[in-house]
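Structure, as structure tokens:
Worth knowing before you read on, the calculation uses all heavy atoms, side chains too, and leaves out hydrogens, waters and symmetry mates. In what follows, chains are A, B, ... by sequence order, proteins preceding strands, each numbered from 1. What you see is a predicted model; the values in this text were computed from it and never measured.
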Amino acid sequence: MRQSKTFIPTLKEVPSDATIPSHILMLRTGMVRMVGAGIYSFLPVGYKMIKKVSEIIREEMDAIGAQEFHLPALNPKEIWEETGRVEAFGDTMFHIKNRDYVLAPTHEEIMTFHAKGVVKSYKDLPQIWYQIQTKFRNEPRPRSGVIRGRQFLMKDAYSFDSSFENLDKSYDLHDKAYRKIFDRCGLKYFVVGASSGAMGGSKSEEFMVKSEAGEDTVAYCESCGYAANVEVAASITHGAPAHNDSPAIFEIPTPGVKSIDELCAFLKINEIETAKSRVYISSEKPVLVLMSGNDEVNETKLEAVLGDLRPGHPDELKELTGADAGSIGPVGFKGRIIADVRLKDANKLYSGANKNDYHIGGIDMNRDVPQAEYFDLRTVCSGETCTRCGKNLEVFKAIELGHIFKLGTKYSDAMGANFLDEEGKDHPIVMGSYGIGVERVLACFIEQNNDERGIVWSKALSPFDVHLLGLNMKKEAVAEASEKIYAELKNAGYDVLFDDRLDAQAGFKFNDADLLGAPLQIIVGEKNLQNGNLEVKVRRTGERSLIPLAGLIDFLKTTFDSMPA
RNA sequence: CGGGGUGUAGCGCAGCCCGGUAGCGCGCUUCGUUCGGGACGAAGAGGUCGUAGGUUCAAAUCCUAUCACCCCGACCA
């Protein structure tokens, strides 16, 4: 492609709306432009990338026997009512105003609709159907550029099997295909297993990438691969100390002390000697949650113990305990007490006195808080020990790139998609569902592969194999040589972007090339040309080589072709 | 939906407090010079100041409403 004739509106300045590297770079390289909140147009270079990623996905899906569909985004609402998901999606689903249609946020219903009544026999199974198409979700708050949009491209696949055992096989095929896809895309990712049943499924895995722009917080162990959402993640921590002697409790005036930090500073003690109280209301009843030191209550874990819960209001706290938050403690608390396991058997603890501006010392959990029930309630922190391998856990934010899960028969049941087994008996088809966010793959790659000059594409995803820069195209010798090389490169099968712009200066072209980030730059300059040479620069390393004109294609064969994908 | 912020030329911004001819940098057009890391000179084009209403002799500026976008939170199959 000739850059002079291609629409690649690069930006020198950083658009003020963009905050994360991938968003900034996608705008600056002219890949995308925003049309509305969470609505993006892909310009030619951006769309080229979409096609590259899609093609990798397509190849790996086809390799496991999946068949590609093209489904409507516009769906009759009644199909979605069959499964109760109009209500389940609520405001997240876009509704058409002048007809009873919705814009599909995913395609379980439509795929099941096609399977119903057509896939009738166990002989027709298994099937894996997929599509790579636009989804619509009325996100309350689109953000991070293309990462969370109201309209986005998703590869979604659905498997249809005759039994849960066979579903396992389809699921494993996807698991392997997904790893190949993300490997080929050159992403550093990890897999979070979850047993959530929100979609009626039995097992699911999320493919995630570490990123500040992420919307999930996960705990990850690099050495063994343990990964879990921080809401459910576990770690090994030592318990609070249990001393041999255990003197009786005593009251201490602590004027103005509200937080654990203040308490530690005031009494010159360590956090581990303290117990923090939080009051929740569960089923109308107060529950005191006792954590060691400044450990954070993990409400998801707490919810698993208590069921429904909400934090107590300040006036409720006062009424229940006689003190405000900051002076509440377990001793004398009337109501259920749930403590984190770190506090089991601990003694000589300091906690609130249920009297403003007073704390109690010398608390012995077994003696003074005998009614306490112990659970793992804390939120895992970076640096704690992995329960699986004993190495260090890291806690960070991550973006969900893909999700595979076993649906079971939720949709086939609801929509009556049944098949007949060998004995002529009716069964609902057993389904699986598998998604990949296509734009997210691109955005995550950019998040992981950029420097201060721009994007650093891999061979597999780069919009161009090489970027040919004719430095001063007004010089006849440069123009002539560049044109000749351009033709040669195309002949040799390379996808080349040729910066043939007459009016752009060298520095301008260099900066654009670094920004656009093709793996190799071939630089045709007047001085080198006089010696029969041109320069090849490797974008990732910045390494430059002088190559005789005639040796270019051979040089590329050994460098470009041997570069990692 | 709660909190905070921003809307002025294609992009980045100043002007607003204290009302009085709408500005700067980049980009764009033309000509000349330059030509290996975002050149220089000269001459130009380009704006209903988000929108609507109000106050005023006069509104980008003050008031009210509304819309859009960004950030934090809530939400996230």
A/Y434 meets the ring-ring contact (aromatic ring centres under 6.0 Å, His included) criterion, sequence neighbours left out, with A/H174
Just jot down the side-chain contact (heavy atoms from CB on, under 4.5 Å) partners of A/T19, sequence neighbours excluded, or say none. none
Quickly, which of A/E68, A/Q67, A/H107 forms a side-chain hydrogen bond (donor to acceptor under 3.5 Å, both in side chains) with A/Q131? Name it, please. A/H107
Does A/D512 have any salt bridge (Lys or Arg N to Asp or Glu O under 4.0 Å) partners at least two apart in sequence or in another chain, and if so, which? A/R501
Which pairs, with at least one residue in residues 1-29 of chain A and sequence neighbours excluded, count as a ring pair (Phe, Tyr, Trp, His ring centres under 6.0 Å)? A/H23-A/Y40
Salt bridge (Lys or Arg N to Asp or Glu O under 4.0 Å) pairs, two or more places apart, involving residues 517-541 of chain A: A/D451-A/R539, A/D514-A/K537, A/E535-A/R544
Sequence neighbours left out, what pairs pass salt bridge (Lys or Arg N to Asp or Glu O under 4.0 Å) with at least one residue falling in residues 296-307 of chain A? A/K301-A/D376
Among residues at least two apart in sequence or on other chains, which ones pass side-chain contact (heavy atoms from CB on, under 4.5 Å) with A/E480? none
Could a donor-acceptor pair under 3.5 angstrom be found where the side chain of A/E13 meets the base of B/rG25? yes
Quick one, give me the B/S/- string for nucleotides 41-46 of chain B, reading 5' to 3', where B means a protein heavy atom under 4.0 Å from the base and S means that only happens at the primed atoms, P, OP1 or OP2. ------
Under the rule for ring-ring contact (aromatic ring centres under 6.0 Å, His included), what residues qualify as partners of A/F498, not counting sequence neighbours? A/Y486
Identify each atom pair where a protein N or O and an N or O of nucleotides 37-39 of chain B are less than 3.5 Å apart, giving names and distance.
unit_1: B/rG37; atom_1: O6; unit_2: A/R544; atom_2: NH1; d: 3.4
unit_1: B/rG37; atom_1: O6; unit_2: A/R544; atom_2: NH2; d: 2.2
unit_1: B/rG37; atom_1: N1; unit_2: A/D514; atom_2: OD2; d: 3.2
unit_1: B/rG37; atom_1: N2; unit_2: A/R453; atom_2: NE; d: 3.2
unit_1: B/rG37; atom_1: N2; unit_2: A/R453; atom_2: NH2; d: 2.1
unit_1: B/rG37; atom_1: N2; unit_2: A/N511; atom_2: OD1; d: 3.4
unit_1: B/rG37; atom_1: N2; unit_2: A/D514; atom_2: OD2; d: 2.5
unit_1: B/rG38; atom_1: O4'; unit_2: A/N511; atom_2: ND2; d: 3.3
unit_1: B/rG38; atom_1: O2'; unit_2: A/K12; atom_2: NZ; d: 2.9
unit_1: B/rG38; atom_1: N1; unit_2: A/D512; atom_2: OD1; d: 3.4
unit_1: B/rA39; atom_1: N9; unit_2: A/Q505; atom_2: OE1; d: 3.3
unit_1: B/rA39; atom_1: N7; unit_2: A/Q505; atom_2: OE1; d: 2.6

Heavy-atom contacts, protein to nucleotides 67-76 of chain B, under 4.0 Å, summarised as B (base), S (sugar-phosphate only) or - (none) per nt, yield --SSSBBBBB
Select one nucleotide: of B/rU34, B/rA77, B/rG25, the one nearest the side-chain heavy atoms of A/K474. B/rU34
Can you list everything that forms a side-chain contact (heavy atoms from CB on, under 4.5 Å) with A/A325? Sequence neighbours excluded, please. A/L317
